[in-house]
Colleague: 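I'd like to ask some things about the structure below.
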Protein chains: 2
Amino acid sequence: MPDRALPIRPGQADRIVTATLLGQQLGAVFRSWGMSEEHTAITVEMMLYADLRGIDSHGTSMLPAYRDAWDSKALNVRPEIAVVRETATTALVDGGGGLGHVPAHTGMGIAIEKARAAGIGAVAVRNSGHYGAAGAYAERASRAGLIGVATTSTHKPAIVPTFATESMLGTNPLAFAAPAGRRPPFLLDMATSTVALGKITLAKRAGRPIPPGWAIDGRGLPLTDAAEACARRSVTPLGSTPEQSSHKGYGLAAMVEILSSLLSGSGFAGSRSGAGEEPTRVGHFLLALDPGAFREAGAFEAEVGDLIDSLHDARRVDPAQPVLVAGDPERAAYESRLESGIPLSRSLFEDLREIARDCGAPFLLDS
Amino acid sequence: MPDRALPIRPGQADRIVTATLLGQQLGAVFRSWGMSEEHTAITVEMMLYADLRGIDSHGTSMLPAYRDAWDSKALNVRPEIAVVRETATTALVDGGGGLGHVPAHTGMGIAIEKARAAGIGAVAVRNSGHYGAAGAYAERASRAGLIGVATTSTHKPAIVPTFATESMLGTNPLAFAAPAGRRPPFLLDMATSTVALGKITLAKRAGRPIPPGWAIDGRGLPLTDAAEACARRSVTPLGSTPEQSSHKGYGLAAMVEILSSLLSGSGFAGSRSGAGEEPTRVGHFLLALDPGAFREAGAFEAEVGDLIDSLHDARRVDPAQPVLVAGDPERAAYESRLESGIPLSRSLFEDLREIARDCGAPFLLDS
């Protein structure tokens, strides 16, 4: 799962801004870079999706990395997004070498249309970039009454396979959403590593060690130094250790790599053949499936709601700690942040000021 | 992942039988129960699939449980398997209240046909039963040149959600296969619990404790007594503990429940409304996807092979322990057991003798 519900402690968050204002700021930067109005609107919407839901590692905090890519001419801000192959149920989309938000949004839109017409739609996206939170795309399908799946590869490997000492696969997230009738959708959005890199970055910034099991060193031993774990980019697959079945998280990460990178023709993160050549581009996979092809109208959604209720009602270890269902933490953050605003760390706030200045965009967050 | 590659120790396996002979024995029992020739052939093939691949908890070892269901009239050995809804890309199959092997085999056959014609096929199966190893169905798609997905629900809950103390979801396996050209397919087959129940049963039989992290007691604390863990059926989701992200395994188990139980209309394992009524039946989900809809012929398969090679070549923690890829352990067991035979524990061997005697089938394994 991406980082979420990061605790806000005094001194950590110096500024709290409204989503509206933050969106205006992001939009001003993208326009100054030359991004079209249409692409700016979608990219900002997808970034705010993460910021509003407490997925702090996948929203505005990515802007410095996007800026670095733009500076080094590795980011096309006016990509031509094209459907290069298509059938009644499938499509291959080329992202044009830009950020991933618009190609993935376009791809899920196509998958939804096909699922409405044909029961199911599957779209692969190649030559794309970072797309924020996978859950945004899966949830979009569920809002359309469909089951949604979204996966993505990443630019650089970070997951170390079981029994190995080097990172070979990205943290390769998997998102799955299902409509739940009277309830908000079931929404799973998880990195296939034990924890997302952002959680380790957070520990590093706070000067805290990380628990054994999250990352390993060059000999395969547990690494508790957060700074070293960040530098090595060597996280464990979900399961943590061979004894606790890390081969399963490793297998899931490879599955996501196959669906995202290989099905789309984007190369893969651990590929050595790409060294020194064109950087490997990110690929995505998006699927929408109509439950109405299997069940009477409303029956599936009602039972997803029943399952969610049943899980919420399970006996608790601690009466004060509710049993949660996938999607609950993000929804709680959304409700809170829509009202109270989005916290930005002092360093991110200053990064935004610098990014705006460097591209000649107005800085709107001082007000 | 189901139990596999169980170590054979002196005294544990008193008999080793060939797959051919074991298949004849299973067939003799099913025929005596009244199963048709066609259903017998497929059921035996699917059971031997597991036995030959070291997935010992999902093959012949299930026969005593099937016999119990047959004894109590809970198993229809002459089910009518029917397609009850169908589109060009989807189907809903009713399993007729029998074992799951034939309905799932039928369902994946339909998914493969639809994927060949329309690029993708998705089939839900309701009113079904235990189907053995999920990997058998996913692998079948990959042998047809397609990506395959297979999931199933289970009769009884066993996974305890994060922060809960009672089992609410089955061990809900997920299998994913992709063709790899010159290589055998990538084949992930995993329970969404930290370990399959069969691994805990094995420890119980051997009188060994289980590691902390596999199961929990009624207060949510680690359970190391294998017998108590078997009795409670209280295993952790993949991830083991909240600190190591057990909410992800829990989310995956719920995803499999939604796809298998709810999409098909089979009810769900943790449902309380079913208490005292008709037992909840098992549901499956099967999907086949044609990579040829996205890539030039052969390109995807070649890159899956490259990815597998690249993972095998990753630097090792221990030079003597190769880095494995999903499907490797099962394939190694297959090659060994096809030649050397399938080991049966003394107690299973005697169970088979009793089952054959009780139904009037010949006992063929004494030779």
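All heavy atoms count here, side chains included; hydrogens, waters and symmetry mates do not. Quick caveat: nothing in here was measured; it's all calculated off a predicted structure. Numbered from 1 within each chain, the chains take letters A, B, ... in sequence-line order.
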Colleague: Can you say whether B:A299 sits under 4.5 Å from chain A via the side chain, the backbone, both, or neither, judging by heavy atoms?
Modeller: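 Neither part.
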Colleague: For B:I216, is it the side chain, the backbone, both, or neither that has a heavy atom closer than 4.5 Å to a heavy atom of chain A?
Modeller: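 Neither the backbone nor the side chain of B:I216 comes within 4.5 Å of chain A.
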Colleague: Checking heavy atoms, do the side chain of A:F294, its backbone, both or neither come under 4.5 Å from chain B?
Modeller: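 It is both, since atoms from each part get that close.
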Colleague: Considering only heavy atoms, which portion of B:P319 lies under 4.5 Å from any heavy atom of chain A: side chain, backbone, both, or neither?
Modeller: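 Contact with chain A involves no heavy atom of B:P319 at all.
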Colleague: Which region of A:L174, side chain (C-beta onward) or backbone (N, CA, C, O), has a non-hydrogen atom less than 4.5 Å from a non-hydrogen atom of chain B, or is it both or neither?
Modeller: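 Interface part for A:L174: side chain.
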Colleague: Can you sort out the partners of A:R232 under salt bridge (Lys or Arg N to Asp or Glu O under 4.0 Å), two or more places apart, ordered by chain and number?
Modeller: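 Partners of A:R232 by the salt bridge (Lys or Arg N to Asp or Glu O under 4.0 Å) criterion come out as none, since no residue qualifies.
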Colleague: Can you list everything that forms a side-chain hydrogen bond (donor to acceptor under 3.5 Å, both in side chains) with A:Q244? Sequence neighbours excluded, please.
Modeller: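 Only B:S240 meet the side-chain hydrogen bond (donor to acceptor under 3.5 Å, both in side chains) criterion with A:Q244.
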Colleague: So does A:G239 get a backbone contact from the side chain of B:K248, meaning a donor-acceptor N/O pair under 3.5 Å?
Modeller: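 No.
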Colleague: Applying a heavy-atom distance below 4.5 Å, give me the residues of residues 115-123 of chain A that approach chain B, sorted by number.
Modeller: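 Counting heavy atoms that sit under 4.5 Å from chain B, the residues of residues 115-123 of chain A involved are A:A118, A:G119, A:I120, A:A122, A:V123.
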Colleague: Would you kindly say whether B:T171 and B:S193 are connected by a side-chain donor-acceptor distance under 3.5 Å?
Modeller: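 Side chains of B:T171 and B:S193: no pair found under 3.5 Å.
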Colleague: At a 4.5 Å cut-off on heavy atoms, which part of B:P161 comes close to chain A: side chain, backbone, both, or neither?
Modeller: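 When you check distances to chain A, only side chain atoms of B:P161 fall under 4.5 Å.
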Colleague: Between B:A91 and chain A, with a heavy-atom cut-off of 4.5 Å, which part of the residue counts as in contact: side chain, backbone, both or neither?
Modeller: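 Contact with chain A is through the backbone of B:A91 alone.
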Colleague: Would a 4.5 Å heavy-atom cut-off, applied to side chains only, mark B:M190 and A:L252 as touching?
Modeller: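 In contact.
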Colleague: With a 4.0 Å cut-off, would you call B:R219 and B:D217 a salt bridge?
Modeller: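 Between B:D217 and B:R219 there is a salt bridge, with a charged N closer than 4.0 Å to a carboxylate O.
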Colleague: Let's test your reading of the structure: which of B:G265, B:A177, B:G220, B:P291 forms the most heavy-atom pairs below 4.5 Å with chain A?
Modeller: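 Result: the option with the highest number of such pairs is B:G265.
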Colleague: Within the structure provided, determine whether B:R316 and B:P322 are in side-chain contact (heavy-atom separation under 4.5 Å).
Modeller: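 Counting from C-beta outward, B:R316 and B:P322 do come under 4.5 Å.
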Colleague: Taking every non-hydrogen pair under 4.5 Å, which of A:A178, A:P211, A:A88 racks up the most with chain B?
Modeller: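 Most heavy-atom pairs under 4.5 Å with chain B: A:P211.
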Colleague: Does any backbone or side-chain atom of B:D290 lie under 4.5 Å from a heavy atom of chain A? Answer side chain, backbone, both or neither.
Modeller: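 B:D290 has no heavy atom closer than 4.5 Å to chain A.
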Colleague: Pick one of side chain, backbone, both or neither for A:P212, based on which atoms fall under 4.5 Å of a heavy atom in chain B.
Modeller: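 Interface part for A:P212: backbone (N, CA, C, O).
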Colleague: Of the backbone (N, CA, C, O) and the side chain (C-beta and beyond), which part of A:V325 lies under 4.5 Å from a heavy atom of chain B, both, or neither?
Modeller: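 Interface part for A:V325: both.
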Colleague: Between B:L324, B:T236, B:L287, which has the largest tally of heavy atom pairs under 4.5 Å with chain A?
Modeller: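 Among the listed options, the one with the most contacts to chain A is B:L324.
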Colleague: Which residues satisfy the salt bridge (Lys or Arg N to Asp or Glu O under 4.0 Å) test with B:E296, sequence neighbours excluded?
Modeller: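 Result, salt bridge (Lys or Arg N to Asp or Glu O under 4.0 Å) vs B:E296: A:R85.
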Colleague: Please report the interatomic distance CD1(B:I159) to OG(B:S246), rounded to the nearest 0.5 Å.
Modeller: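 The OG atom of B:S246 is 10.5 Å from CD1 of B:I159, to the nearest 0.5 Å.
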Colleague: Do A:F268 and A:S153 make a side-chain contact, defined as non-hydrogen atoms from C-beta onward lying under 4.5 Å apart?
Modeller: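 Sidechains of A:S153 and A:F268: no contact.
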Colleague: Taking the side chain as every heavy atom from C-beta outward, state whether A:V125 and A:S264 have any pair of such atoms under 4.5 Å apart.
Modeller: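 Sidechains of A:S264 and A:V125: no contact.
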Colleague: Is the closest side-chain heavy-atom distance between A:L311 and B:Y250 below 4.5 Å?
Modeller: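 Of all side-chain heavy-atom pairs linking B:Y250 with A:L311, at least one is under 4.5 Å.
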Colleague: So, taking the atom named CD1 in A:I258 and the one named CZ in B:F176, what distance separates them when rounded to the nearest 0.5 Å?
Modeller: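 Output value for this atom pair is 5.0 Å.
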Colleague: Please identify, among A:D318, A:L263, A:T89, the residue contributing the most non-hydrogen atom pairs under 4.5 Å to chain B.
Modeller: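 Result: the option with the highest number of such pairs is A:L263.
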Colleague: Determine the option with the most heavy-atom pairs under 4.5 angstrom with chain A, choosing from B:L289, B:L238, B:L92, B:V323.
Modeller: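 Top option by heavy-atom pairs under 4.5 Å: B:L238.
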Colleague: Closest approach of B:S261 and B:G267, non-hydrogen atoms and distance?
Modeller: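 Distance-wise, the nearest heavy atoms are CB-O, 2.9 Å.
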Colleague: Of the listed residues (B:E86, B:E303, B:R295), which shares the most heavy-atom pairs with chain A below a 4.5 Å separation?
Modeller: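 Ranked by heavy-atom pairs under 4.5 Å with chain A, first place is B:R295.
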